[in-house]
Engineer: 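Below you'll find the structure I mean.
Positions are given from 1, in the same order as the sequence printed here.
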Amino acid sequence: MQQTDQTFKNLYHLNFFDAALLFPYFAVMIVLAIYGMHRYTLVYLYYKHRKDHRPDPPKQFDELPRVTVQLPIFNEQFVVDRLLDAVCAMEYPKDKLEIQVLDDSTDETQQVAAGLVERYAALGYPIEYIHRTNRHGFKAGALDAGLKVARGEFIAIFDADFVPPADWIMRVIHHFAEPGIGMVQTRWTHLNRDYSMLTQIEAILLDGHFVLEHGARARSGDFFNFNGTAGMWRRQAITDAGGWQHDTLTEDTDLSYRSQMVGWKFKYLPEVECPAELPIEMTAFKTQQARWAKGLIQTSIKVLPMMFRSNVPRRVKIEAVYHLTANLSYPLMVIMSALLMPAMIVRFYQGWFQMLLIDFPLFTASTFSISVFYLVSQRELFPKTWMKTYLYLPFLMALGIGLTVTNTRAVMEALFGIKTAFARTPKYRVAKKGEKSNAAKYRKRLVLAPWIELLIGCYFMLAILYTFSNHNYFTAPFLILFVAGYWYTGLMSLLQGRFERWRSGAPTPEETSPKPFPVGV
């Protein structure tokens with residue numbers, strides 16, 4: 001092998017075509033490696049400032065303030081009753097509480113939600129039903145409309161798939177006794193974590209965000225964002241920042257940065273949990289991820305120029321760039337995917353030693369950090385069982401690769417200023433294996449993307465065959481991740497969750513028709 005390698009090196013001479021190919025290849029690899037190294041920075045900051053976190057509020061209100069709970073919903077027929085049951089069971093004086101059901105629905109959810117509100121109001125709960133017909137501004141518009149008539153000094157927000165515990169408000173409200181606190185975010189947990197392989201991976205991805213990203217940024221004094229739900233705002237912090245705006249798909253992150261730039265402080269409480277439902281179908285998950293990817297890039301275009309002109313510390317500005325532009329890695333992944341096979345051929349003829357010395361460190365910097373990042377987050381949450389996360393890591397990395405097509409489209413739409421509607425994530429009210437879902441009612445299909453993913457997977461399969469023909473076994477494991485990722489996301493999108501239903505024992509849409517949950521308390 002060494003003699004063969006030396007022979008190739010003696011015969012090979014770098015030419016203009018190869019240089020033109022390798023320059024963008026290495027440029028992309030270096031940028032991806034920089035984003036990968038930043039994950040190590042977050043892990044370091046998390047542990048460095050671990051002792052700085054204080055779970056208990058430094059002081060408490062002498063008299064509890066008025067709180068408005070906003071529940072923005074849109075076609076949430078199967079989960080709205082679960083949400084209202086949980087919110088109305090929250091432990092807070094009724095004379096200090098106001099519940100707004102902000103309903104933009106266009107289906108039977110209107111009747112279900114209105115009936116539930118009427119029943120709870122008759123029982124003495126301070127709840128009101130607000131229905132809009134035009135959906136102007138989507139979720140941001142609904143929250144803004146509710147805020148105009150809200151009476152609370154503090155605003156708690158929950159999406160339809162969340163089930164806040166009874167003591168949630170009482171565990172959060174006293175942190176606002178500090179006059180400078182503008183928002184408190186709590187940690188998401190997962191009602192249906194064990195439903196399927198997909199929900200297991202989704203849970204690990206979100207755990208990494210809530211444990212390490214939020215934990216590191218909040219404790220080190222960097223800006224972090226309200227996640228759109230399971231958090232509470234001081235009303236004045238919303239007003240001072242210019243209110244809810246709907247020119248991005250991540251109105252929560254947009255408002256968060258504007259509020260922190262005008263001087264409000266945010267708190268993150270990882271010990272306060274709020275369970276929610278994870279998407280059970282690949283198309284729903286991809287739609288959610290694409291909305292977040294596009295929204296963060298839109299927010300970066302809008303917010304970063306404001307930050308650069310502000311008096312915010314340079315360290316905070318740098319972290320904001322990493323946070324808001326991280327999804328640029330998806331189009332970079334597309335470029336790398338296109339260049340990987342020809343670059344691999346060129347690098348092979350240059351000699352395996354150069355690949356080992358240059359390509360391998362860059363590739364591991366951008367990929368190995370993912371493993372470390374999510375392993376650490378699971379170890380923090382589950383110190384006794386975190387080792388099983390190793391079993392999910394290959395699937396997690398493959399799924400991240402498989403999201404490249406849809407997320408790249410979302411990022412490019414943001415960069416070119418293409419506006420799209422707020423695409424909600426359907427909720428099916430499933431928490432355990434074997435539970436029935438009503439997936440057919442809100443299901444959407446991706447027509448072209450799954451086929452593109454399958455074709456790209458075939459491309460990487462050809463790359464694997466090429467590596468074996470040249471005895472270049474070293475790169476094959478990495479290429480297998482690409483094949484598995486693209487084929488998995490493509491097939492699961494085309495099958496529309498049939499595999500997950502088969503695993504859970506749930507019936508197919510033909511075996512059951514969606515019916516609204518009974519209206520009642």
Engineer: When you check the side-chain N and O atoms of T406 and Y330, is any donor under 3.5 Å from an acceptor?
Structural biologist: no

Engineer: Do Y392 and Q378 have side-chain N/O donor and acceptor atoms under 3.5 Å apart?
Structural biologist: no

Engineer: Can you label the angle between the F210 ring and the H214 ring as parallel, tilted or perpendicular, going by 30° and 60°?
Structural biologist: perpendicular

Engineer: Between D240 and W264, do the side chains contain an N or O donor and an N or O acceptor separated by less than 3.5 Å?
Structural biologist: yes

Engineer: Does atom OH of Y459 have more than 12 heavy-atom neighbours from other groups under 6.0 Å away?
Structural biologist: yes

Engineer: Applying salt bridge (charged side-chain N to carboxylate O under 4.0 Å, His left out) to K139 and D159, what does each step give before you reach the verdict?
Structural biologist: CA-CA 10 Å; K139 180 180 176 180; D159 282 348; 2.9 Å; yes

Engineer: Which atom names give the shortest non-hydrogen contact between M282 and T489, and what distance separates them?
Structural biologist: CG-O, 3.7 Å

Engineer: Might you point out which heavy atoms bring T425 and A284 nearest each other, and give the distance in Å?
Structural biologist: CG2-O, 4.1 Å

Engineer: A quick test of your reading: do over 12 heavy atoms of other residues, nucleotides or ligands sit less than 6.0 Å from CZ of F382?
Structural biologist: yes

Engineer: Of all the heavy-atom pairs spanning T250 and R291, show the shortest one and how long it is.
Structural biologist: CG2-O, 4.3 Å

Engineer: If you look at every heavy atom in L143 and P72, which pair is closest and at what distance?
Structural biologist: CD2-CG, 4.0 Å

Engineer: Can you tell me if R379 has over 12 outside heavy atoms packed within less than 6.0 Å of its CZ?
Structural biologist: no

Engineer: My understanding is that only residues two or more places apart in sequence, or in another chain, count here; which of them pass ring pair (Phe, Tyr, Trp, His ring centres under 6.0 Å) with F285?
Structural biologist: none

Engineer: Going by salt bridge (charged side-chain N to carboxylate O under 4.0 Å, His left out), name the pairs with one or both residues in residues 219-230, residues two or more places apart or in two chains.
Structural biologist: D222-R315

Engineer: How far does OG1 of T199 sit from CD1 of I204, to the nearest 0.5 angstrom?
Structural biologist: 10.0 Å

Engineer: Going by atom types only, do H190 and E202 share a side-chain donor-acceptor pair under 3.5 Å?
Structural biologist: no

Engineer: Mind checking what makes side chain to side chain donor-acceptor pair (under 3.5 Å) contact with K265, not counting sequence neighbours?
Structural biologist: none

Engineer: Please find the pair of heavy atoms, one from W168 and one from M232, that lie closest to each other, and give the distance.
Structural biologist: CZ3-CE, 3.8 Å

Engineer: Can you name the nearest heavy-atom pair linking M307 to Y257, along with the distance?
Structural biologist: SD-CD2, 3.6 Å

Engineer: So, do Y374 and D207 sit near enough that their side-chain heavy atoms are less than 4.5 Å apart?
Structural biologist: no

Engineer: In the structure I gave you, are the side-chain heavy atoms of V211 and V376 within less than 4.5 Å of one another anywhere?
Structural biologist: no

Engineer: Examine F266 together with W233 and report whether their ring centres are nearer than 6.0 Å.
Structural biologist: yes

